Amino acid sequence: MTAEIIDGKALSLKLREAMKEEVTKLKAAGIHPKLTVVLVGNHPASKSYVNGKKKACHETGIDSEILELSTTVTETELLQQIHKLNNDPTVHGILVQLPLPGHIEEQKVIEAIIPEKDVDGFHPINIGRMMTGMDTFLPCTPYGIITMLQSKSIPIKGQHAVVIGRSNIVGKPVAQLLLNHHATVTTCHSKTKDLKSLTKQADILIVAIGKAHVIDESYIKEGATVIDVGINRLDNGTLTGDVDFQSVKEKAAYLTPVPRGVGPMTITMLLKNTIKAAKGLENREG
Ligand code: NAD
């Protein structure tokens, strides 16, 4: 079997076209969706992620602003800036680019953003809403993964989904979303015993480890759907996933590439959440 590739870049372009039209209509009605991204320090990877988000906003017609703060900014100063953005009616979505420097407590910062502007979906209130199946901002990467599965009409209900990774931004929320869609979910991590015996049962395998090519075809059930979330930079500078693409391609039914897979979808769902925030806030204010 040779897997059908789920092209996250192509799907993103399609979804962003529809969003562009929606933004045009919102603007005609006087609503100008705006995202503010807070960037602390000048870590090259963070800078590049933030610029990617700004470019995507621009292409979709969403206003965006990058608030650049020095690495030495204090936690109190950062919280004050967030407070200002919370109270700025022209800002609909706030995203603080992680990781933050060690002297700032990330959880405190995440909780300072009001849930109505938390377009990353990381605030505990929004996580709780997701867990109980309420309307909320879904975390962008898990939301993108579910959208990719749906784009190919890949069944989730009743399927065995195995997630490798238990981070708060990918592993845990994607497991919860799959459960919300009625999958039977197994979450694996670095302490899991006999990982392979579990992954080989997966109808849907989500890999979010952060180590290049650790999952090869020996971990895969014939005909499975494999979603590679990992982004790893090799010594030669190329980006690659956690999955050994070439060998897994011959065994899976569906497979996402890296790059052009989950990465672009994460940004697309951020745009979607920002539009949702703009509509939500305007509705409340109106
Ligand atoms: P993380 O480091 O917070 O979590 C990694 C998880 O993998 C942990 O739960 C750990 O227990 C597990 N793990 C590590 N080694 C393992 C092993 N040998 N076997 C089984 N489990 C193991 O990372 P994260 O933030 O969840 O990100 C994971 C990867 O996804 C990274 O490469 C990151 O860059 C990438 N990522 C991509 C996107 C995207 O948009 N495509 C978004 C977020 C993260």
Side-chain angles (χ1 to χ4, degrees), residues 5-12 15-16 37 43-53 55-56 95-100 106-107 110 119-122 127 137-149 161-178 185-202 205-216 218-220 226-234 237-245 248 255-273:
I5 305 305
I6 312 178
D7 184 336
K9 179 96 186 176
L11 178 58
S12 281
L15 295 172
R16 289 181 199 185
V37 180
H43 191 269
S46 291
K47 262 199 132 140
S48 133
Y49 289 143
V50 166
N51 286 333
K53 287 164 187 169
K55 183 166 170 269
L95 180 153
V96 177
Q97 186 64 44
L98 303 177
L100 292 170
E106 275 182 9
Q107 193 56 30
I110 289 168
V119 286
D120 247 344
F122 292 166
I127 294 169
F137 296 113
L138 298 176
C140 301
T141 302
Y143 191 9
I145 292 169
I146 298 291
T147 306
M148 290 175 103
L149 296 174
V162 175
V163 178
I164 318 179
R166 56 172 164 180
S167 70
N168 287 337
I169 61 167
V170 188
K172 281 191 224 166
V174 80
Q176 182 62 49
L177 280 187
L178 288 160
V185 183
T186 302
T187 301
C188 303
H189 47 79
S190 56
K191 305 287 185 289
T192 298
K193 287 183 191 155
D194 197 4
L195 179 67
K196 205 176 271 189
S197 71
L198 295 164
T199 60
K200 281 184 81 86
Q201 294 176 39
L205 180 64
I206 314 285
V207 188
I209 301 175
K211 291 179 186 156
H213 303 164
V214 286
I215 301 301
D216 64 19
S218 68
Y219 286 81
I220 310 293
V226 180
I227 307 287
D228 188 357
V229 187
I231 302 177
N232 309 287
R233 196 171 284 282
L234 298 177
T238 53
L239 285 185
T240 191
D242 293 349
V243 172
D244 177 29
F245 186 85
V248 170
L255 175 61
T256 64
V258 178
R260 295 181 71 96
V262 176
M265 289 299 292
T266 296
I267 298 187
T268 299
M269 301 339 271
L270 172 67
L271 302 174
K272 193 161 174 132
N273 279 347

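Computed from a predicted model, the values in this text were never measured in an experiment. This chain uses plain numbering: 1 for the first residue, then up along the sequence. Read the numbers this way: they start at 1 and go in the same order the structure lists the ligands and their atoms.
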Please state which protein non-hydrogen atom is closest to [atom] and give its distance, to 0.1 Å?
atom	answer
atom 27 (O) of ligand 1	Val170 CG2, 4.4 Å
atom 19 (N) of ligand 1	Leu195 CD2, 3.9 Å
atom 11 (O) of ligand 1	Ser190 N, 3.0 Å
atom 40 (O) of ligand 1	Thr266 OG1, 2.7 Å
atom 31 (C) of ligand 1	Gly210 CA, 3.6 Å

Any donor-acceptor N/O pair, [X] side chain to [Y] backbone, under 3.5 Å:
X	Y	value
Thr192	Leu195	no
Asn273	Val119	yes
Thr268	Pro264	yes
Gln97	Lys47	no
Ser12	Gly8	yes
Thr256	Asp228	yes
Asp242	His213	no

For [atom], which candidate among [options] provides the closest heavy atom?
atom	options	value
atom 1 (P) of ligand 1	Gly261, Ser167, Ala45	Ser167
atom 15 (N) of ligand 1	His189, Lys211, Arg166	Lys211
atom 30 (O) of ligand 1	Val229, Ile164, Val258	Val229

Original post:
Is ligand 1 under 4.0 Å from a heavy atom in the side chain of Ile169, in the backbone, in both, or in neither?
Top reply: side chain

Subject >> Residue part near ligand 1, for Ile209, under 4.0 Å between non-hydrogen atoms >> reply: both

Contacting atoms of ligand 1, where contact means under 4.0 angstrom from a heavy atom of [X]:
X	value
Ala208	5 (C), 6 (C), 7 (O), 28 (C)
Gly263	40 (O), 41 (N)
Gly165	6 (C), 7 (O), 9 (O)

Original post:
If we only count heavy atoms from C-beta on, is the Val37 to Tyr49 side-chain gap below 4.5 Å?
Top reply: no

Original post:
Taking side chain as C-beta onward, heavy atoms only, is Ile164 less than 4.5 Å from Leu205?
Top reply: yes

**OP:** Identify which one of Val243, Val248, Asp244 satisfies the side chain to side chain contact (heavy atoms under 4.5 Å, CB included) criterion when paired with Ile220.
**Re:** Val248

Original post:
Closer than 4.0 angstrom: is that true for some heavy atom of Thr141 and an atom of ligand 1?
Top reply: yes

Original post:
Would one find an N or O of Ile231, backbone or side chain, under 3.5 Å from an N or O of ligand 1?
Top reply: yes

